[in-house]
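Numbering of ligands and ligand atoms starts at 1, following listing order.
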Amino acid sequence: MSFDYDLFVIGAGSGGIAAARRAASHGARVAIAERDSLGGTCVNRGCVPKKLFVYASRFAEQFQLAQDYGWSVEAGEFDWPRFIAAKDQEIGRLNQVYQRLLEDSGVTLLRGLAQFCDRHTLEVDGQTVTAEKILIAVGGRPRRPEIPGIEHAWVSDDIFHVPQQPRRIAIIGGGYIGVEFAGILQGLGSQVSLVVRDRLVLNHFDQDIREHVQLSMASQGVEIHTDTEAKAIERHDRGLTVWLTGDEPQSLEVDGVLVATGRVAHLGPLRLEAAGVTVERGAIAVDAYSRTSQANIFAVGDCTNRRNLTPVAIAEGRAFADTEFNQQPHHVSYHCIPSAVFSHPEAATVGLTEAEARAKIGDAVRCYRSQFRPLLHTLGHTTQVLLKLVVDGQTDKVLGAHMVGEAAAEIIQSLAVALRLGATRSDLNQTIGIHPSTGEEFFSMH
Ligand SMILES: Cc1cc2nc3c(=O)[nH]c(=O)nc-3n(C[C@H](O)[C@H](O)[C@H](O)COP(=O)(O)OP(=O)(O)OC[C@H]3O[C@@H](n4cnc5c(N)ncnc54)[C@H](O)[C@@H]3O)c2cc1C
């Protein structure tokens with residue numbers, strides 16, 4: 001049987017574009033469908049615009065620091081609409097870049113929603129196409145909790161386009177997206193209330209990191225409601241009221257509500273049942289090589305709910321293309337994937353948390369911590385950084401490295417190489433650091 005394409009990719013986000021371009025470079029005839037803007041979540045409503053917001057919000061601290069260093073500066077006013085317009089212009093430029101990259105790779109782009117007819121046939125906005133192999137890379141979407149008035153709340157997709165800065169905002173959810181936006185909006189001058197279901201923000205991170213981030217946020221003025229959930233949202237002519245759980249009737253009066261209570265795979269419109277692809281716990285079930293329950297259908301990225309990060313989706317997409325179109329079978333290793341939270345201050349992590357290490361090797365775990373005021377902040381403004389190593393006391397192997405403080409993402413990113421290669425604490429201690437820097441502390445922890 002002959003097909004229109006060797007590979008049809010559904011979704012032109014991080015994983016889909018990476019896979020399509022790599023497969024085309026191996027000589028495959030490739031098409032990709034996208035229902036929205038090219039680049040997916042990361043480029044349009046995730047990593048990139050989020051980091052631009054983070055940069056915008058950090059100027060408040062820079063103005064304060066400048067004064068500590070003898071400059072006479074006034075913070076001035078933040079112009080939200082001007083920033084949103086500049087950010088949109090940059091995202092528009094990136095959309096064009098992705099279009100050019102696909103064209104230059106010889107990948108055919110079909111605009112529209114792709115839906116399965118059978119396991120080799122898809123319909124894209126009324127057009128029928130067939131392909132020998134199909135890759136599902138449809139990503140995820142924000143989950144909205146089922147509480148009365150939830151239609152009045154924004155999700156992360158919306159916050160990037162809100163026309164006016166909310167003066168008072170309630171953020172529901174203490175995961176990385178909630179924590180990042182709490183820092184962003186607080187830095188931009190909004191009054192932020194963060195509603196967290198647990199005792200601490202950033203579930204799954206190391207306990208010391210969670211405590212340090214939470215204390216730092218509180219000391220900067222974010223009002224944190226722990227062990228609390230939102231039970232209803234009400235709109236009235238003065239704004240919104242968020243009703244909270246708890247023994248006492250408690251509510252927040254705000255101008256906007258952002259719900260950041262997790263994400264789910266975006267499978268609804270795909271008509272997966274027509275292709276017989278198995279879904280488990282809301283995500284597409286795949287093996288290490290991203291193979292689904294159907295031999296010719298594969299899935300990568302957030303829709304498989306493995307590690308929901310852009311570099312992981314890209315690596316999975318490329319590994320799939322090399323395996324299927326270049327007789328070079330390989331798959332992604334999920335060992336020691338670093339990640340960051342672009343909070344205020346920034347947090348980053350690689351490897352095992354102390355709790356995970358204890359669950360694995362018990363009392364053999366040794367932890368080394370260093371908490372200090374970084375040189376940049378010694379002239380007045382006070383903020384502390386925290387560095388932590390989790391070590392196997394029997395082998396001296398470093399199992400985890402965690403940090404809160406400026407440039408944490410950049411520092412932990414490099415340490416990830418050492419952890420992947422099995423570095424011991426003695427290896428780190430024999431490494432000469434760069435002085436004066438914050439990262440050098442990782443090389444002298446006793
Ligand atoms: C607010 C936020 C901040 C984030 N920050 C970071 C960060 O700092 N670092 C990081 O590594 N990750 C971050 N992420 C996660 C990152 O964005 C995702 O892990 C990544 O985008 C996943 O890529 P993907 O290819 O799986 O899916 P996506 O990038 O979501 O791409 C899927 C694409 O498929 C399209 N699509 C869906 N269904 C169909 C269909 N039926 N037909 C046609 N097209 C379809 C969608 O429109 C979309 O363009 C963030 C996410 C969010 C929401």
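For NE2 of His204, the number of neighbouring non-hydrogen atoms (other residues, nucleotides, ligands) closer than 6.0 Å is 12 at most. Applying the 6.0 Å contact sphere to OH of Tyr5 captures more than 12 heavy atoms from other residues, nucleotides or ligands.
Phe342 and Tyr55 have their aromatic ring centers separated by at least 6.0 angstrom. Aromatic pair Phe298/Tyr289: centroids not less than 6.0 angstrom apart.
Contact record, Leu415 with Phe443: CD2-CE2, 4.3 Å, taken as the closest heavy-atom pair. When all heavy atoms of Ala170 and Val242 are compared, the closest pair comes out as CB-CG2, 4.0 Å. Closest non-hydrogen pair, Ala347 versus Ile209, comes out as CB-CG2, 4.1 Å.
Using a 4.0 Å cut-off between charged nitrogen and carboxylate oxygen, Glu77 and Arg82 do not count as a salt-bridge pair. Remark: Asp104 does not engage Arg100 in a salt bridge, criterion side-chain N to carboxylate O under 4.0 Å.
Within the listing of ligand 1, atoms 23 (O) sit less than 4.0 angstrom from a heavy atom of Ala313. In the vicinity of Ile177, heavy-atom distances shorter than 4.0 Å reach the ligand 1 atoms 1 (C), 2 (C), 52 (C), 53 (C). Interface of Pro311 with ligand 1, defined as ligand atoms under 4.0 Å from a residue heavy atom, comprises 11 (O). Atoms of ligand 1 lying under 4.0 Å from at least one heavy atom of Leu270, given by number and element, are 41 (N). Set against the non-hydrogen atoms of Gly40, the atoms of ligand 1 under 4.0 Å away are 29 (O), 31 (O), 48 (C), 49 (O). Every atom of ligand 1 is numbered from 1 in the order shown, and the set under 4.0 Å from a heavy atom of Gly301 is 26 (O). Against a heavy-atom cut-off of under 4.0 Å, Gly13 is close to the following atoms of ligand 1: 25 (O), 29 (O), 31 (O), 33 (C).
A heavy-atom distance below 4.5 Å is found between the side chains of Gln294 and Asn296. Side-chain contact between Val385 and Pro345 is absent, with no heavy atoms from C-beta onward closer than 4.5 Å. Here the side chains of Ile224 and Gln214 are in contact, with some heavy-atom distance below 4.5 Å.
Ligand 1 has an N or O atom lying under 3.5 Å from an N or O atom of Gly15, backbone or side chain. For a threshold of 3.5 Å applied to N or O pairs, the pair formed by Ser14 and ligand 1 contains at least one separation below that value.
Nearest non-hydrogen protein atom to atom 16 (C) of ligand 1 is Thr310 OG1, 3.4 Å. Summary of contacts: the protein heavy atom closest to atom 27 (O) of ligand 1 is Gly139 CA, 3.2 Å. Nearest protein heavy-atom neighbour of atom 9 (N) of ligand 1: Cys47 SG, 3.7 Å. Ranking protein heavy atoms by distance to atom 2 (C) of ligand 1, first place goes to Gly46 CA, 3.5 Å. Nearest protein heavy-atom neighbour of atom 36 (N) of ligand 1: Arg35 CD, 3.8 Å. Of all protein heavy atoms, the one closest to atom 49 (O) of ligand 1 is Glu34 OE1, 2.7 Å. Among protein heavy atoms, atom 14 (N) of ligand 1 sits closest to Tyr176 OH, 3.2 Å. The protein atom (non-hydrogen) at minimum distance from atom 42 (N) of ligand 1 is Ala114 N, 2.9 Å.
Heavy atoms of Leu38 found under 4.0 angstrom from ligand 1: none, in either backbone or side chain. With a heavy-atom cut-off of 4.0 Å, Lys50 touches ligand 1 through its side chain alone. Under 4.0 Å from ligand 1, heavy atoms of Cys42 appear from its side chain as well as its backbone. Contact annotation: for Arg263 versus ligand 1, heavy atoms closer than 4.0 Å belong to the side chain alone.
Using the six-membered ring where Trp is involved, Trp80 and Phe78 have ring planes that are perpendicular, over 60° apart on the 30 and 60° scheme.
Put simply, part of Gly112 is less than 4.0 Å from ligand 1, judged by heavy atoms. In this structure, Arg45 is part of the shell of residues with a heavy atom less than 4.0 angstrom from ligand 1. Taking a 4.0 Å cut-off on heavy atoms, Pro269 fails to register as neighbouring ligand 1.
Note that OG of Ser251 and NZ of Lys231 are 10.0 Å apart. Values are rounded to the nearest 0.5 Å.
Among Asp36, Thr304, Asn305, Thr41, the residue whose heavy atom lies nearest to atom 28 (P) of ligand 1 is Thr41. Of the listed residues (Ile17, Asn44, Leu113, Val9), the one carrying the non-hydrogen atom nearest atom 40 (C) of ligand 1 is Leu113. The residue among Asp302, Asn308, Asp157, Ile136 with a heavy atom at the shortest distance from atom 26 (O) of ligand 1 is Asp302.
Inspection of the Glu123 and Thr128 side chains reveals no N or O donor paired with an N or O acceptor under 3.5 Å.
Between the side chain of Asp4 and the backbone N or O of Ala131 there is no donor-acceptor pair closer than 3.5 Å.
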